[in-house]
Number of protein chains: 2
Amino acid sequence: MAQKTSAKEAVLDAFERVVIDRGERAATLEAVAVEAGVSKGGLLYHFGAKKDLVEGLVSRLTGLAAADLENLTAAPDGIVSRFIRSSVVIGTPFDTTYIAMTRLAQSGLYPEANASLAGVEQGWRALIEEAVGDPAVARLVLLVGDGLYYNAALFPFDKLPTPAAELDDVIAAIEDLARSRTAG
Amino acid sequence: MAQKTSAKEAVLDAFERVVIDRGERAATLEAVAVEAGVSKGGLLYHFGAKKDLVEGLVSRLTGLAAADLENLTAAPDGIVSRFIRSSVVIGTPFDTTYIAMTRLAQSGLYPEANASLAGVEQGWRALIEEAVGDPAVARLVLLVGDGLYYNAALFPFDKLPTPAAELDDVIAAIEDLARSRTAG
DNA sequence: GTCTATACATGGATAGAC
DNA sequence: GTCTATCCATGTATAGAC
């Protein structure tokens, strides 16, 4: 019974992989079906139309984003550090679904995808603005997070302009800033 | 004679508009031709294949990026401010071509588009790293710029998480940081 | 230099067998 | 629940008239 939805989940996994590895346009029903190990007809039994595939991914992101927010809330002190580190794409389920969603959003075909991303961004903003006293610093933190996702969406992992290893200094700098402004 | 290439330029302009307004997938030869006010056949006289359109846009971005770098170099002092302000998408020719290129890059169909963006990013990095003493601050500045483009690529102008008007404080904060680190 | 007509391939989706 | 076969629409590209 716990596996009742596993076929659908497996198709969604395949959808994500194809979108990320080969782009939205390559994610045809045929390609996703092959990746999932089923036929086109088999896929269409679970998802009656392509837009249903996208909606399935939106639901998935909504759930993962809620968990992500809870995770951040659990670290009220080091929230800046945790947020920025969690913005580095390392292949977590959230990362994967999120990056796939940015691809779908940029295709211009699925307004729900854009709305979904706006919702995630808004959740982050509310949390960061509350945790960080200074509004300018909060905006800066959010922009850095967005910048990290942007890089992950455009460049291969091994060619990132800012490798994860070099991020400690950036985080330290922002925390310096936050301190000096709160203390000021 | 100065207008010898204007037909091609007009088609490229149309290509950019369709890619930005309706997405890469909507930018079919037919749609671009209509937007440019010519027939499909007429378009294909100038650009023999779709990849030629992309290559035309890559050339255009290369030229605009060189001008952008010169513009930044002309402000050795306020380079951080100028870079971040120039990363706000307000519809300049560079903005337009750059955002269109990010769409093409994410489609996964045109490796030249990704390479082109990597080149632009690299140009910025070299300049900022040299102008800003602290490497961590330099990376931070670049990430903020990327974050601004990311937002412009995903959200409509009137729904940006960080409106241009609220950017002054962010810039001031970064300049604070740069000063305190250089002085330290 | 720009057009129409057309060939060809591919993608989304339906129908119906198993 | 999954498959094959098929229909229809659309996109790229070519050929050739004007």
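In this text the structure is predicted, and so the values were computed from the model without any measurement. All chains are named by letter (A, B, ...) in the order of the sequence lines, taking the proteins before the strands, and each is independently numbered beginning at 1.
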Exercise. If you draw a 6.0 Å radius around CD in B:Glu130, do more than 12 non-hydrogen atoms from other residues or ligands fall strictly inside?
Worked result: no

For this session: Could you walk me through whether B:Gln106 and B:Glu24 pass side chain to side chain contact (heavy atoms under 4.5 Å, CB included), step by step?
Result: CA-CA 9 Å; B:Gln106 301 225 7; B:Glu24 180 272 336; over 6 Å; no

Exercise. Does B:Leu167 belong to the same Ile/Leu/Val/Met/Phe/Trp/Tyr cluster as B:Val80, with side-chain heavy atoms less than 4.5 Å apart forming each link?
Worked result: yes

For this session: Rounded off to whole Å, could you give me the NZ-to-C1' distance for the B:Lys50 and D:dT10 pair?
Result: 12 Å

Problem set entry | Atom-to-atom span, NZ of B:Lys51 to C1' of D:dA13 - whole angstrom | 14 Å

For this session: Pull out every residue in residues 11-27 of chain B that has a heavy atom closer than 4.0 Å to any atom of DNA chain D, ordered by number, or say none.
Result: none

Problem set entry | NZ or CZ of B:Lys8 within 45° of B:Phe47 ring axis and under 6.0 Å | yes

Exercise. Below 6.0 angstrom between ring centroids: does that apply to B:Tyr98 and B:Tyr149?
Worked result: yes

For this session: Taking only Lys NZ, Arg NE, NH1 and NH2, and the carboxylate oxygens of Asp or Glu, determine whether B:Glu55 and B:Lys51 approach each other closer than 4.0 Å.
Result: yes

Problem set entry | Within residues 28-47 of chain B, residues whose heavy atoms come under 4.0 Å of DNA chain C | B:Val38, B:Ser39, B:Gly41, B:Gly42, B:Tyr45, B:His46

Exercise. With the threshold set at 4.0 Å, does a side-chain nitrogen-carboxylate oxygen contact exist between B:Arg22 and B:Glu35?
Worked result: yes

Exercise. Could you give all pairs that pass the salt bridge (charged side-chain N to carboxylate O under 4.0 Å, His left out) test and reach residues 73-93 of chain B, with sequence neighbours left out?
Worked result: B:Arg85-B:Asp168

Seminar exercise, completed: To the nearest angstrom, the CG-P distance between A:Leu109 and C:dG11 comes to 14 Å

